[in-house]
Amino acid sequence: MPLNQALVGKAYPAVRYEVGREKLREFAVAIGETDPIYHDEAAARAAGHPDLPAVPTFAVVLSLRAGQVVYGDPALGLDYSRVVHGEQEFLYHRPIRAGDRLLAAGKVAAAEAKGRHELLTLETEITTEAGEPVCTVRATLLSRGTAPPREGRG
Amino acid sequence: MSPHVDLRKVRPGDALPEVAETIERLDLVRYAGASGDFNPIHWNDEVAKAVGLPGVIAHGMYSMGIAARMLTGWVGDPAAIKRLKVRFAAMIEPGQTLTAKGEVAEVDGGRVLVRFHAEDEKGEKVLSKGEAELEL
């Protein structure tokens, strides 16, 4: 089923995310990051961080939460088992840190056919609850084989 | 002496120390749990094959996480990374080794652009068009 183009530009409600130290450590372990600043508070403070910083790609966790709101919209028509990741971009204002209370708001930035597939771009704006910008995340997903058939072809 | 690079002294063409990781199925299960991305194509062969894949494949973001280690390991301070982008060019399956490679492309005052990619054992690019902007 093709994606619903009418939802391009739609902004979805933000999800709240409270950043815990163990979650940051768990994520750092999962990507094999062993630098003590991501695991040990004393090492983080010695390096000038107020608390444990997240590894840069941790922001995807919030993007996924925000994305679940978007992808879960039945009006969008996305079958997540057909999804392959196309591109990913992060624009950082500052690292995410343990203790941050964040909001992640997703938006359908683009949806377009590319051959037999479709490209869906999700943009997630991550801010603190106080409104401080933290990170903008852009994920482009490839929805395999869902493009509408072209005119004159079977 | 800091083990990290001094961004004020880097020059175009400087290579970053490579990072290599052999990807095991357990790594993908662990990454699924840590990231919250439970798309079954990363842990369930039947689902992966049903959508035309050879079997389970690594999360693109797992590969990007490994490539990002090359940048954080080089610069040290994650706050120095202002922008990070990749294209997911090819799949990589458990049992294969991913190697991230990059070099300084441009230096403009305190701002440094690194171009990077990550490849499998055959040299095929798994991540392409990688770009990172760093600033002191």
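None of these values were measured; they are calculated from a predicted model.
- Surrounding NZ of K23(A) are more than 12 heavy atoms belonging to other residues, nucleotides or ligands, all under 6.0 Å away.
- Shown here are the salt bridge (charged side-chain N to carboxylate O under 4.0 Å, His left out) partners of D45(B), two or more places apart in sequence or in another chain: R25(B).
- A continuous path of Ile, Leu, Val, Met, Phe, Trp and Tyr side chains, each step under 4.5 Å between heavy atoms, connects V104(B) with F116(B), placing both in one hydrophobic cluster.
- Only the side chain of Y38(A) has a heavy atom closer than 4.5 Å to any heavy atom of chain B.
- Using a distance-only test at 3.5 Å, with no hydrogens or angles considered, a donor-acceptor pair links the side chain of R144(A) to the main chain of V51(B).
- Put simply, the side chain of T136(A) does not reach to within 4.5 Å of the side chain of R83(B), judged on heavy atoms.
- By number of non-hydrogen pairs under 4.5 angstrom with chain B, the leading residue of R65(A), H93(A), E89(A) is E89(A).
- Residues L142(A) and L78(A) do not share a hydrophobic cluster, clusters being chains of Ile/Leu/Val/Met/Phe/Trp/Tyr side chains in contact below 4.5 Å.
- The CZ atom of F88(B) lies 9.5 Å from the OG1 atom of T140(A); values are rounded to the nearest 0.5 Å.
- The CE atom of M61(B) sits 4.5 Å away from atom CD of Q88(A), with the distance rounded to the nearest 0.5 Å.
- In D6(B), the CG atom is crowded: over 12 heavy atoms of neighbouring residues, nucleotides or ligands sit closer than 6.0 Å.
- With respect to chain B, the highest number of heavy-atom pairs below 4.5 Å among G32(A), A54(A), P53(A) belongs to G32(A).
- How far CG of L127(B) is from NE2 of H85(A): 10.5 Å, rounded to the nearest 0.5 Å.
- Of the atoms belonging to A68(B), it is side-chain heavy atoms, and not backbone ones, that fall under 4.5 Å from chain A.
- Between P56(A) and I81(B) the shortest heavy-atom distance is CG-CD1, 3.9 Å.
- W43(B) and I23(B) fall into different hydrophobic clusters, defined by Ile, Leu, Val, Met, Phe, Trp and Tyr side-chain heavy atoms under 4.5 Å apart, directly or through other members.
- In plain terms, the two heavy atoms of P78(B) and I37(A) that are nearest each other are CD-CD1, 3.7 Å.
- If you chain together hydrophobic residues whose side chains sit under 4.5 Å apart, I57(B) and L141(A) never meet in one group.
- Between chain A and the options S35(B), A89(B), A132(B), the largest number of non-hydrogen pairs under 4.5 Å is found for S35(B).
- Looking at K82(B), its side chain never comes within 3.5 Å of a backbone N or O of R94(A) through a donor-acceptor pair.
- Put simply, CD on E87(A) and CE on M64(B) are 10.0 Å apart, with the number rounded to the nearest 0.5 Å.
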*Evaluate the salt bridge (charged side-chain N to carboxylate O under 4.0 Å, His left out) criterion for residues R69(B) and E33(A): first the C-alpha distance (whole Å), next the side-chain angles of each, then the deciding distance (0.1 Å), finally the verdict.*
CA-CA 6 Å; R69(B) 274 166 46 199; E33(A) 176 58 79; 5.1 Å; no
*asked:* Under the criterion side-chain contact (heavy atoms from CB on, under 4.5 Å), I'd like the reasoning laid out for L84(B) against T57(A): C-alpha separation, chi angles, the key distance, then a yes or no.
replied: CA-CA 9 Å; L84(B) 190 58; T57(A) 62; 4.3 Å; yes
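- To the nearest 0.5 Å, atoms OH (Y62(B)) and CD1 (I31(A)) are separated by 8.5 Å.
- The shortest side-chain heavy-atom distance between M91(B) and V84(A) does not fall under the 4.5 Å cut-off.
- By the salt bridge (charged side-chain N to carboxylate O under 4.0 Å, His left out) test, D40(A) pairs with no residue at all, sequence neighbours left out.
- Applying the 6.0 Å contact sphere to CZ of R45(A) captures more than 12 heavy atoms from other residues, nucleotides or ligands.
- Under the 4.5 Å side-chain heavy-atom criterion for Ile, Leu, Val, Met, Phe, Trp and Tyr, I96(A) and L103(A) are members of distinct hydrophobic clusters.
- Heavy atoms only, all atoms of each residue included: I41(B) and V83(A) are closest at CD1-O, 3.6 Å.
- In this structure, CD on Q68(A) lies 9.5 Å from CZ on F38(B), to the nearest 0.5 angstrom.
- Residue R111(B) places its CZ atom among more than 12 non-hydrogen atoms of other residues, nucleotides or ligands, all under 6.0 Å distant.
- Both the backbone and the side chain of V61(A) come within contact range of chain B, each with at least one heavy atom under 4.5 Å from a heavy atom of that chain.
- Between chain B and the options L64(A), D79(A), T34(A), V55(A), heavy-atom pairs under 4.5 Å are most frequent for L64(A).
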